[in-house]
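Some notes on the structure that comes next.
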2 protein chains.
Amino acid sequence: MTAPDWQSLPDRLRARGLRWTPQRRVLVDVLSRTRGHVTGSQLLERCRAIEPATIPSTVYRTLDVLEELGMVRHGHAADGREEFHVLPEADHGHLHCGACGGSWDLSANEADGLVRSLRAGRGFVVDLSHVTIVGRCGACCGEPGTEGW
Amino acid sequence: MTAPDWQSLPDRLRARGLRWTPQRRVLVDVLSRTRGHVTGSQLLERCRAIEPATIPSTVYRTLDVLEELGMVRHGHAADGREEFHVLPEADHGHLHCGACGGSWDLSANEADGLVRSLRAGRGFVVDLSHVTIVGRCGACCGEPGTEGW
DNA sequence: ATTAATGCAAACGGTTTGCACTACT
DNA sequence: AGTAGTGCAAACCGTTTGCATTAAT
């Protein structure tokens with residue numbers, strides 16, 4: 001798990017008969033400065049900050065390609081939007097506070113017990129990067145106004 | 001945790017100044033025969049099976065009301081769609097196999113370790129009904145064709 | 001010269017909105 | 001009569017598609 005090799009990406013694309021384009025450069029530019037997770041539309045936004053002419057379909061199609069190359073992986077955030085993880089950060093899930101909307105990483109370490117017991121008990125292999133645990137963070141647990149849980 | 005009290009629902013609505021309508025009857029009809037989780041569009045579909053004239057907005061608006069009354073709770077499925085849980089089934093999360101698309105319940109029991117350690121370590125209170133763990137089920141773990149994980 | 005990739009526009013699916021109308025209380 | 005709820009249609013958001021055009025190889 002070393003840092004993603006963005007430098008060699010153009011060559012790896014060409015090695016597969018794929019192409020290195022200005023549009024892909026912009027997205028890779030954004031991704032290479034991204035830690036952790038982002039949604040597709042956030043990426044689109046950030047690409048547009050650099051190149052306002054960026055088109056959604058191009059971004060999404062390029063993300064597909066990058067996922068095939070193993071540069072990113074996608075999952076689903078708590079609100080259901082596509083969420084891309086820039087690899088290869090340590091495999092982790094997410095905690096999402098339904099009260100304040102905050103989000104935190106869930107380390108493989110913390111999830112280890114669950115991961116093990118599901119594997120042992122059911123043969124189910126957890127893909128931690130797709131895991132989002134929703135609940136209430138410590139700060140929000142005492143808060144009034146959302147008791148209806 | 002007894003069975004949801006659908007019988008008294010009309011009265012409970014009226015007690016709040018809300019109303020009991022034929023459209024709501026259809027949805028409640030569907031819900032009362034539903035175990036576990038369904039997506040909004042599945043509910044819409046099932047309502048239309050009974051009453052083809054069912055309108056989406058009515059279903060979604062009624063689901064909001066029912067959630068306020070505590071009859072259902074919503075979360076997000078692995079693919080990001082709204083997922084409604086008919087209460088008060090035992091609080092549980094879901095396992096979703098990314099290979100075969102299968103889905104299984106994750107009991108509070110099985111998640112207990114994680115729930116405890118998050119509470120202890122971070123003060124984070126898990127809302128299990130919002131939890132979907134994605135991965136690969138035992139049957140799919142040996143299967144070829146999706147090694148790229 | 002090939003053919004991958006783009007831009008555009010339109011469609012998608014699930015959900016939400018505004019508003020005039022209906023019907024429960 | 002009052003107002004919650006409905007039906008309709010249109011908008012929404014993020015994402016995906018088809019297709020003619022452009023441009024990397």
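Chain naming here is simple, since letters A, B, ... match the order of the sequence lines and numbering starts at 1 in each. Computed over heavy atoms, backbone and side chain alike; hydrogens, waters and symmetry mates excluded.
Using a distance-only test at 3.5 Å, with no hydrogens or angles considered, no donor-acceptor pair links the side chain of R73(B) to the main chain of F84(B). Within the 3.5 Å criterion, the main-chain N or O of V30(A) finds no donor-acceptor partner in the side chain of R46(A). A donor-acceptor pair is defined here as one N or O able to donate and one able to accept, closer than 3.5 Å; such a pair exists between the side chain of E67(B) and the backbone of H74(B). Judged purely by atom type and a 3.5 angstrom limit, E45(A) has no side-chain atom pairing as donor or acceptor with the backbone of Q42(A).
Regarding contacts with the backbone of dG7(D), a side-chain N or O of T58(B) is found under 4.0 angstrom from either OP1 or OP2. Close to dA5(C), at under 4.0 Å from its OP1 or OP2, lies no side-chain N or O of R19(A). Dashed line: the shortest gap from a side-chain N or O of R24(B) to OP1 or OP2 of dG5(D) is under 4.0 Å. An OP1 or OP2 oxygen of dG7(D) is reached within less than 4.0 angstrom by a side-chain nitrogen or oxygen of Q23(B). Under 4.0 angstrom from either OP1 or OP2 of dT16(C) there lies no side-chain N or O belonging to S57(B).
Of the candidates dG7(C), dT15(D), dG2(D), dG7(C) carries the atom nearest the I55(A) side chain, counting heavy atoms from C-beta on.
Projected onto DNA chain C by closest heavy-atom contact, W20(B) and D64(B) fall at different nucleotides, the more 5' of which corresponds to D64(B). Toward the 5' end of DNA chain D, the nearer of the two residues L18(A) and A53(B), judged by each one's closest nucleotide, is A53(B). Between P10(B) and F84(B), the one whose closest nucleotide on DNA chain C sits nearer the 5' end is F84(B).
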Would M71(A) and R12(A) satisfy side-chain contact (heavy atoms from CB on, under 4.5 Å), going step by step from the backbone distance to the final call?
CA-CA 11 Å; M71(A) 307 297 287; R12(A) 278 182 293 137; 3.7 Å; yes
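The CD atom of E45(A) sits 15 Å away from the C1' atom of dT15(D) (whole-angstrom rounding). Taking atom CG of L13(B) as the reference point, atom P of dT3(D) lies 19 Å away to the nearest angstrom. Rounded to a whole Å, the CZ atom of R16(A) is 19 Å from the P atom of dT3(C). The nearest whole Å value for the distance from the CG atom in L9(A) to the C1' atom in dA5(C) is 15 Å. Y60(A) places its OH atom 19 Å from the P atom of dA11(C), with the value rounded to the nearest Å. Between the CZ atom of R14(B) and the P atom of dT3(D) there is a distance of 19 Å, rounded to whole Å. Residue R46(B) contributes atom CZ, which lies 14 Å from atom P of dG14(C) at whole-angstrom precision. What separates CG of L43(B) from P of dG13(C) is a distance of 18 Å, to the nearest Å.
Contact annotation for R61(A): base contact, defined as any heavy-atom pair under 4.0 Å involving a base atom.
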